[in-house]
Number of protein chains: 2
Amino acid sequence: MKSSKKLRAKIIQAAKEVLAASEGGKISVKAIAKKAGIATGTFYLYFTNKEALLDTVVQELYAELLDIIKKERAAYTSVFDKLQASMEVCIRIFLKEKHLAKILLQYFPQITSAVNTKFTDIENDLIKFTKQDLDELLALKLIPEQDTLVSATAFVGTFREVILSWLNNGEPEDWDKALQTLIAYNMRGIGKRSEDW
Amino acid sequence: MKSSKKLRAKIIQAAKEVLAASEGGKISVKAIAKKAGIATGTFYLYFTNKEALLDTVVQELYAELLDIIKKERAAYTSVFDKLQASMEVCIRIFLKEKHLAKILLQYFPQITSAVNTKFTDIENDLIKFTKQDLDELLALKLIPEQDTLVSATAFVGTFREVILSWLNNGEPEDWDKALQTLIAYNMRGIGKRSEDW
DNA sequence: CCAAGCAATGAACGGTAATTCAGTATATGG
DNA sequence: CCATATACTGAATTACCGTTCATTGCTTGG
């Protein structure tokens with residue numbers, strides 16, 4: 001009982017490592033158990049089944065991500081600045097923690113889409129948060145009339161695609177320019193007037 | 001031997017249908033064989049394995065898509081118009097042929113990512129084509145200095161995300177506005193000057 | 001020091017799905 | 001009408017995986 005929490009955490013950590021290493025996000029309970037240094041049966045003393053573990057892993061990773069973003073946003077007051085800060089920290093985190101990016105952006109849609117909808121929920125969450133920002137900007141007439149849900153979806157989509165492409169095809173040579181391009185793309189995309197920035 | 005080509009085509013067609021119908025892109029050789037009206041063993045007289053079939057299916061679907069886009073683009077001379085035509089026809093096709101969208105955007109990344117990289121290749125293709133357009137526009141100074149590879153990636157990403165979201169969460173109520181928003185997002189994103197359109 | 005209780009084990013079970021192959025049907029050409 | 005080749009069949013084989021559970025090892029309170 002003393003080691004209960006610790007072992008649980010170890011299993012979660014092992015799962016993250018196995019996931020990050022495995023091609024295509026394939027993952028087996030046996031592999032996780034091996035990585036965690038336990039027997040397969042032991043796994044079921046800590047999780048009711050494989051899906052419960054995967055749920056936990058996404059929840060954790062997602063919570064970490066959201067937490068970082070929220071903290072970063074808190075430092076700014078203008079919605080444009082908040083958005084820009086979200087973008088920058090998002091890229092920074094995903095490229096520093098590549099395993100996180102691979103798991104959240106690439107593997108989990110595959111892993112969870114069949115049974116539960118957790119991942120879709122997460123993407124939808126991010127989109128919803130972005131939409132709130134856009135609605136606020138729209139209300140202030142700082143961006144032109146638009147379907148803010150579509151814009152928010154497009155916004156999130158650029159990150160998914162760009163970060164995944166960096167993960168799969170290597171990062172850009174001119175990193176500064178790439179980052180600037182991506183941010184500018186979305187700022188222009190939502191319709192921020194250039195005299196404002 | 002007479003029926004060889006025909007039966008092969010029939011199997012491919014059956015696979016498309018099974019894929020389109022199945023939730024989550026799960027697909028079994030047995031199901032394909034049943035749909036095609038053959039025994040499971042017969043399948044292996046026409047394809048070396050399941051993966052070979054799936055490769056063929058993506059290749060075919062992708063070729064169809066590209067073909068449609070190319071034909072549409074041919075009707076215009078301005079690169080902006082070509083881009084816009086690509087966007088419109090892409091959305092139109094994907095929403096008319098939802099099974100195609102589901103297969104290309106949702107299922108295949110899951111199905112094929114383990115072994116081959118065909119799907120990533122396909123996305124890269126689309127990005128490359130878009131990049132060519134952007135390079136042309138950049139050379140003509142019609143868009144501002146930017147990392148065109150990043151922009152092209154972002155461009156493609158907006159479509160993936162938006163179309164998938166429409167497939168999963170339902171289409172927008174105000175369809176016109178949504179379409180207009182998406183196109184405007186990308187036109188502004190790449191930096192098309194508003195006095196030009 | 002022992003026994004009861006708890007944690008951990010990993011072989012075994014049940015299920016699913018890809019692939020094979022010995023056998024069957026069908027067509028062909030002499 | 002037979003012999004041969006070719007196409008097809010689907011049950012059996014193989015492989016893998018999630019989950020269970022009878023057994024084993026370990027700890028601890030009396």
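Side chains are part of it too, since the values below use all heavy atoms of this structure and drop only hydrogens, waters and symmetry mates. Sequence lines set the chain letters: A, B, ... in the order given, protein chains first and strands last, and positions in each chain run from 1.
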Could you go through residues 176-183 of chain B and list every donor-acceptor pair under 3.5 Å that involves a side-chain atom there, pairing it with any protein atom two or more places apart or in another chain?
{"from": "Lys177(B)", "atom 1": "NZ", "to": "Glu145(A)", "atom 2": "OE2", "distance (Å)": "2.5"}
{"from": "Thr181(B)", "atom 1": "OG1", "to": "Asp147(A)", "atom 2": "N", "distance (Å)": "2.9"}
{"from": "Thr181(B)", "atom 1": "OG1", "to": "Lys177(B)", "atom 2": "O", "distance (Å)": "2.8"}

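- At a threshold of 4.0 Å, the pair Arg92(A)-Glu97(A) does not count as salt-bridged, since none of the basic side-chain nitrogens sits closer than that to a carboxylate oxygen.
- In this structure, Ile38(A) atom CD1 and dT24(D) atom P are separated by 21 Å, rounded to whole Å.
- Taking atom OH of Tyr46(A) as the reference point, atom C1' of dT19(D) lies 18 Å away to the nearest angstrom.
- In this structure, the NZ atom of Lys34(A) is 15 Å from the P atom of dT9(C), given to the nearest Å.
- We find that CG of Leu7(A) is positioned 18 Å from P of dC6(C), with the value rounded to whole Å.
- For the pair Arg188(B) and Lys192(A), the minimum side-chain heavy-atom distance is 4.5 Å or more.
- Distance CZ (Phe43(A)) to P (dT19(D)): 8 Å, rounded to an integer number of Å.
- For residues 137-164 of chain B, the set of pairs meeting the ring-ring contact (aromatic ring centres under 6.0 Å, His included) definition, not counting sequence neighbours, comprises Phe155(B)-Phe159(B).
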Any protein N or O atoms within reach of nucleotides 16-18 of chain C? Criterion: under 3.5 Å, listing atom names and distances.
{"from": "dA18(C)", "atom 1": "OP1", "to": "Ile27(B)", "atom 2": "O", "distance (Å)": "3.4"}
{"from": "dA18(C)", "atom 1": "OP1", "to": "Lys50(B)", "atom 2": "NZ", "distance (Å)": "2.3"}
{"from": "dA18(C)", "atom 1": "OP2", "to": "Val29(B)", "atom 2": "N", "distance (Å)": "3.0"}

| task | Tell me, with the steps shown, if Thr48(A) and Leu53(A) meet side-chain contact (heavy atoms from CB on, under 4.5 Å). | result | CA-CA 8 Å; Thr48(A) 57; Leu53(A) 165 72; over 6 Å; no

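- Counting to the nearest Å, the C1' atom of dT6(D) and the CG atom of Leu45(B) are 10 Å from each other.
- Where Thr42(A) and Gly41(B) each meet DNA chain D at their nearest nucleotide, the meeting point lying more 5' is that of Gly41(B).
- The main-chain N or O of Gly189(B) is never found under 3.5 Å from a side-chain atom of Asn186(B) such that the two would form a donor-acceptor pair.
- Between Arg73(B) and Asp133(B) there is a salt bridge, with a side-chain nitrogen of the basic residue lying less than 4.0 Å from a carboxylate oxygen of the acidic one.
- Rounded to whole angstrom, the span from the CD atom of Glu51(B) across to the C1' atom of dT19(C) amounts to 14 Å.
- Residues satisfying the ring pair (Phe, Tyr, Trp, His ring centres under 6.0 Å) test with Phe43(A), not counting sequence neighbours, are Phe47(A).
- Distances from the side chain of Thr40(A) to the nucleotides dA11(D), dT19(D), dT9(D) place dT19(D) closest.
- Every residue was checked against the salt bridge (Lys or Arg N to Asp or Glu O under 4.0 Å) condition with Asp174(A), not counting sequence neighbours, and none meets it.
- Heavy-atom distances under 4.0 Å link DNA chain D to no residue of residues 9-16 of chain B.
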